[in-house]
Number of protein chains: 2
Amino acid sequence: MTAPHPGLRERKKQRTREALLRAALELFVSQGYEQTTVDEIAEAVDVSQRTFFRYFAGKEDAAFAVQAMTESHFVRALRARPADEPPLEALRRAVLESWDTIGDAVEQAVPVELHVRTYQLIESTPALLAVHLRRSAHLEEELARVVADREGLDVASDPRPRIAVAAFCGVMRVTGRLWGTGGDSSIASLRTLTESYLDHVGPALAANWQGRAGAARETTAPALKAAPPTRDTAATTRDTTASARHTAASGAAAPQRRDSHPH
Amino acid sequence: MTAPHPGLRERKKQRTREALLRAALELFVSQGYEQTTVDEIAEAVDVSQRTFFRYFAGKEDAAFAVQAMTESHFVRALRARPADEPPLEALRRAVLESWDTIGDAVEQAVPVELHVRTYQLIESTPALLAVHLRRSAHLEEELARVVADREGLDVASDPRPRIAVAAFCGVMRVTGRLWGTGGDSSIASLRTLTESYLDHVGPALAANWQGRAGAARETTAPALKAAPPTRDTAATTRDTTASARHTAASGAAAPQRRDSHPH
DNA sequence: TGTCAACTGTCAGCGCCTGACATTAGCCTC
DNA sequence: GAGGCTAATGTCAGGCGCTGACAGTTGACA
C-alpha cells in the first residue's frame with residue numbers, strides 16, 4: 001500500500017496529523033471536549049489553527065478519527081466471514097473477532113488506553129454522542145448491504161437485512177454504553193459483555209417473560225416464541241424455527257410498498 | 001392545567017414563542033437548516049436575535065420542539081397500555097395508537113404538514129440527524145424503564161428490557177427513515193409501514209432466511225436451551241446446523257453468492 | 001400612580017469554521 | 001547546485017452560533 005519512499009514531505013504530513021490527533025485526544029480526555037479549544041490543540045503541536053482544519057474537517061473529526069479505523073476494521077472482518085454462516089452468526093463473530101485484533105490496528109495511531117478513554121468521553125459528551133450515533137447509523141447501512149450481499153438479497157426490496165442489522169446494532173449500542181460507563185474498561189470485559197448480551201437477544205424478543213400463558217403473538221417473534229427460559233432441547237428449537245421459516249418466506253413474498261395509500 | 005387567565009404577558013410570550021417556532025420551521029424546510037441563520041428567524045418575527053435564544057436553547061432546539069411533543073405523547077400512550085400485555089405488544093400498540101392521535105397534539109403548535117416536512121428535513125440533514133438519534137437514544141432509556149416497570153423488573157440488573165427496547169427502536173428507526181425518504185408522507189402510510197416492519201422482526205432474527213435448516217443457533221436464542229450454554233454444547237449445535245444447511249441449500253432455490261472470499 | 005419584576009434590545013466578545021492571499025519548504029529538472 | 005514548480009503553511013478578514021452584561025421597556029400589582 002504505502003510506498004517504500006514516502007518522501008520527506010509525506011512523512012512530515014503524517015507526523016503532523018498524528019501529532020494533532022494525539023494532542024487533540026489527550027486534551028479532550030484530560031479537560032473535556034467542549035472545554036478544549038482548537039487553538040489549544042494547534043498550539044500544542046505548534047501549528048496555526050488553520051492548519052488543524054486542513055487535517056481535520058472539524059473538532060469532531062479529530063475525536064472520531066480512531067473510531068473510523070475500528071469501524072472499517074469491523075466491516076472487513078464481517079466481509080471475511082465464511083459465506084455459509086447465517087447473518088447474525090457472522091455479525092456476532094465479526095465483532096468478537098475484531099475486538100481481538102483491534103489493539104494492533106489502533107496502536108499505530110494512538111495508545112489504546114487513550115482510545116478507550118476517548119470512547120468513554122464520546123459516550124458521556126452529548127455533542128459527541130450525537131455524532132457517534134449518526135456514524136453508527138451510517139455503519140448500519142453498510143452492514144445491511146454486506147449482509148444482503150452475503151445472503152444474495154437485494155437490500156432495497158427486502159427489509160430483513162436492515163431489520164436484523166438494526167436489532168443487532170441496537171444491542172451492540174446498549175453493550176457499548178454499559179461498558180463505557182461501567183468500571184471495567186478492559187477489552188476482555190467488553191468481549192464478555194458483548195457475548196452475554198447477544199445471547200440475550202432471543203429471550204428478550206420472546207413475547208413472554210414471565211411464563212404468562214398464551215401471550216405470544218406470531219407478530220413479535222414467531223421463531224422464538226418457544227423461548228421461555230425453561231428446558232428446551234435442540235430438536236424442539238429446530239422445529240420451531242422450521243415453522244418460522246414459513247412466516248419469513250411469505251413475508252418476503254409480499255414486499256411492502258410505500259404508496260399503498262396514495263393520499 | 002393552564003390558568004384560565006394567563007395574563008397578557010404570558011399570552012404574549014406564548015405567541016412570540018409560537019411565531020418563532022413556526023418561522024424557524026418554515027425557513028428550515030423552505031431553504032434548508034444550515035442555510036437559515038438565527039438572524040433571519042428573529043427578523044421574520046421582528047425580534048432581536050438575543051430574544052430567540054431566550055426562547056430556544058439553540059437553532060437545534062427549535063427544530064426539535066415538535067418532536068419533543070410527539071415523543072412524550074408516545075411515552076404516555078405506552079404507560080397507558082394494560083399491564084398484562086407483553087412488552088413488545090404494548091410497545092407496538094402504543095406506537096400505532098400514537099400515530100392515530102398525534103395530529104391533534106401537533107396541530108396546536110404548527111400545521112401537521114409542516115411537522116412532517118420538518119421530520120423529513122431532520123432525516124436528511126446530517127447535523128439534525130445526529131441530534132435526532134441522540135434524542136431517540138434518550139427516549140429508549142425511558143422506554144426501557146417503563147417496560148421494566150410493567151414487567152416488575154429492575155432495569156439496572158436485568159438487561160432484557162433494554163435489549164428488547166433497543167431492538168424495537170432499531171426497527172422503528174429503519175421504518176421512520178424509509179418513510180421519510182419515501183414518496184408517501186401520509187400518516188396512514190407510516191402506520192402501514194410500521195406494522196409490516198414490526199411483523200418482520202421475528203423472521204428477520206431467525207437465523208435461517210433461505211430455507212437453510214437448523215436455523216436457531218445459540219447466537220440468536222441461546223436461552224432456548226436453558227442452562228448456561230457450555231462451549232461444547234454450542235459446538236455440537238453448530239456442527240449439526242452446518243451439515244443440515246448444506247443439504248437444504250442444494251435442494252432449495254439457493255441463491256448463489258458472488259464472492260466467496262475476496263481476500 | 002408608582003414600584004417591582006419580567007421581558008427585550010444592544011453591545012461586546014468567544015469559539016468554530018472558511019475563503020483569499022502571501023509565505024515557506026520540499027521536489028524535480030537542468 | 002540553482003532555479004522553477006507545487007504543495008504545505010501562516011496570516012488576515014469575516015460569517016455564524018451563542019453568551020454575558022447592562023440598559024430600556026412593558027406588564028403586574030398594590
Side-chain angles (χ1 to χ4, degrees), chain A residues 2-21 23-25 27-28 31-65 121-122 125-131 134, chain B residues 2-21 23-25 27-28 31-65 121-122 125-131 134:
Chain A
T2 324
H5 278 294
L8 174 57
R9 187 127 94 193
E10 207 61 32
R11 274 181 291 142
K12 214 168 184 177
K13 257 173 60 178
Q14 200 62 31
R15 259 188 295 136
T16 307
R17 191 192 144 86
E18 198 178 308
L20 279 171
L21 177 56
L25 297 189
L27 285 168
F28 289 165
Q31 60 182 18
Y33 175 76
E34 327 254 18
Q35 286 70 42
T36 304
T37 300
V38 177
D39 285 309
E40 285 182 274
I41 303 170
E43 197 176 356
V45 187
D46 205 57
V47 294
S48 73
Q49 189 212 47
R50 195 66 182 85
T51 295
F52 174 90
F53 286 109
R54 288 196 174 102
Y55 282 93
F56 299 96
K59 231 172 92 174
E60 286 172 9
D61 196 36
F64 287 98
L121 182 75
I122 289 172
T125 305
L128 292 182
L129 178 57
V131 175
R134 190 194 41 183
Chain B
T2 323
H5 279 294
L8 173 57
R9 199 181 230 154
E10 206 61 32
R11 274 181 290 143
K12 214 169 183 177
K13 259 173 57 180
Q14 199 64 31
R15 260 187 294 137
T16 307
R17 191 193 145 86
E18 196 178 312
L20 278 171
L21 177 56
L25 297 189
L27 285 169
F28 289 164
Q31 60 182 13
Y33 175 75
E34 327 253 18
Q35 286 70 42
T36 304
T37 63
V38 177
D39 284 310
E40 285 182 274
I41 303 170
E43 197 177 356
V45 188
D46 205 55
V47 296
S48 72
Q49 189 214 47
R50 196 65 183 84
T51 296
F52 174 90
F53 285 109
R54 288 195 174 102
Y55 282 94
F56 299 96
K59 233 171 92 173
E60 286 172 8
D61 195 37
F64 287 97
L121 182 75
I122 289 172
T125 305
L128 292 182
L129 179 57
V131 176
R134 190 194 39 179

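Letters A, B, ... mirror the listed sequences (proteins, then strands); counts begin at 1.
In this view, F56(B) and F52(B) satisfy the ring pair (Phe, Tyr, Trp, His ring centres under 6.0 Å) rule, not counting sequence neighbours. For the side chain to side chain donor-acceptor pair (under 3.5 Å) test, residues two or more places apart in sequence or in another chain that qualify with Q31(B) are T36(B), E40(B). Listed by chain and number, the residues in a side-chain contact (heavy atoms from CB on, under 4.5 Å) with Q14(A) amount to none (sequence neighbours excluded). By the side-chain contact (heavy atoms from CB on, under 4.5 Å) test, Y33(B) is found to be paired with F28(B), K59(B), E60(B), A63(B), L121(B), T125(B), L128(B), residues two or more places apart in sequence or in another chain being considered. With sequence neighbours excluded, no residue satisfies side-chain contact (heavy atoms from CB on, under 4.5 Å) with E18(A). Remark: E10(A) engages K13(A) in a salt bridge (charged side-chain N to carboxylate O under 4.0 Å, His left out) (not counting sequence neighbours). The side-chain contact (heavy atoms from CB on, under 4.5 Å) check on T16(B) picks up L20(B), V47(B), Y55(B), with sequence neighbours excluded.
Regarding F53(B), its CZ atom lies at a distance of 17 Å from the C1' atom of dA21(D), rounded to whole Å. Look at CD on E10(B): it is 12 Å from C1' on dA28(D), rounded to the nearest Å. Distance CZ (R54(B)) to C1' (dC22(D)): 11 Å, rounded to an integer number of Å. Whole-Å rounding puts the F28(B) CZ to dC16(D) P distance at 14 Å.
In terms of heavy atoms, A127(B) sits closest to E34(B) at CB-OE2, 4.2 Å. Minimum interatomic distance between A62(B) and A24(B) (heavy atoms only, all atoms of both residues): CB-CB, 4.1 Å. Closest heavy-atom contact between R17(B) and A65(B): NH2-CB, 4.0 Å.
A heavy-atom distance below 4.0 Å to DNA chain C is reached by these residues of residues 44-51 of chain A, ordered by number: Q49(A), R50(A). Near DNA chain C, defined here as any heavy-atom distance below 4.0 Å, there are no residues from residues 31-43 of chain B.
Extent of DNA chain C lying under 4.0 Å from chain B heavy atoms, first and last nucleotide in 5' to 3' order, is dA5(C) to dT10(C).
Using a 4.5 Å cut-off on side-chain heavy atoms (C-beta onward), P126(A) and L129(A) make no contact.
Note: L21(B) CG to D61(B) CG = 9.5 Å, rounded to the nearest 0.5 Å.
When the nearest nucleotides of DNA chain D are assigned to R9(A) and F52(B) by heavy-atom distance, the more 5′-ward of the two goes with R9(A).
In the helix from dT1(C)-dA30(D) to dC30(C)-dG1(D), the terminal helix axes, each the rotation mapping four pairs' C1' atoms onto the next four within five end pairs, subtend 0°, rounded to 10°.
Note on Y55(A): every side-chain N or O is 4.0 Å or more away from OP1 and OP2 of dA8(D).
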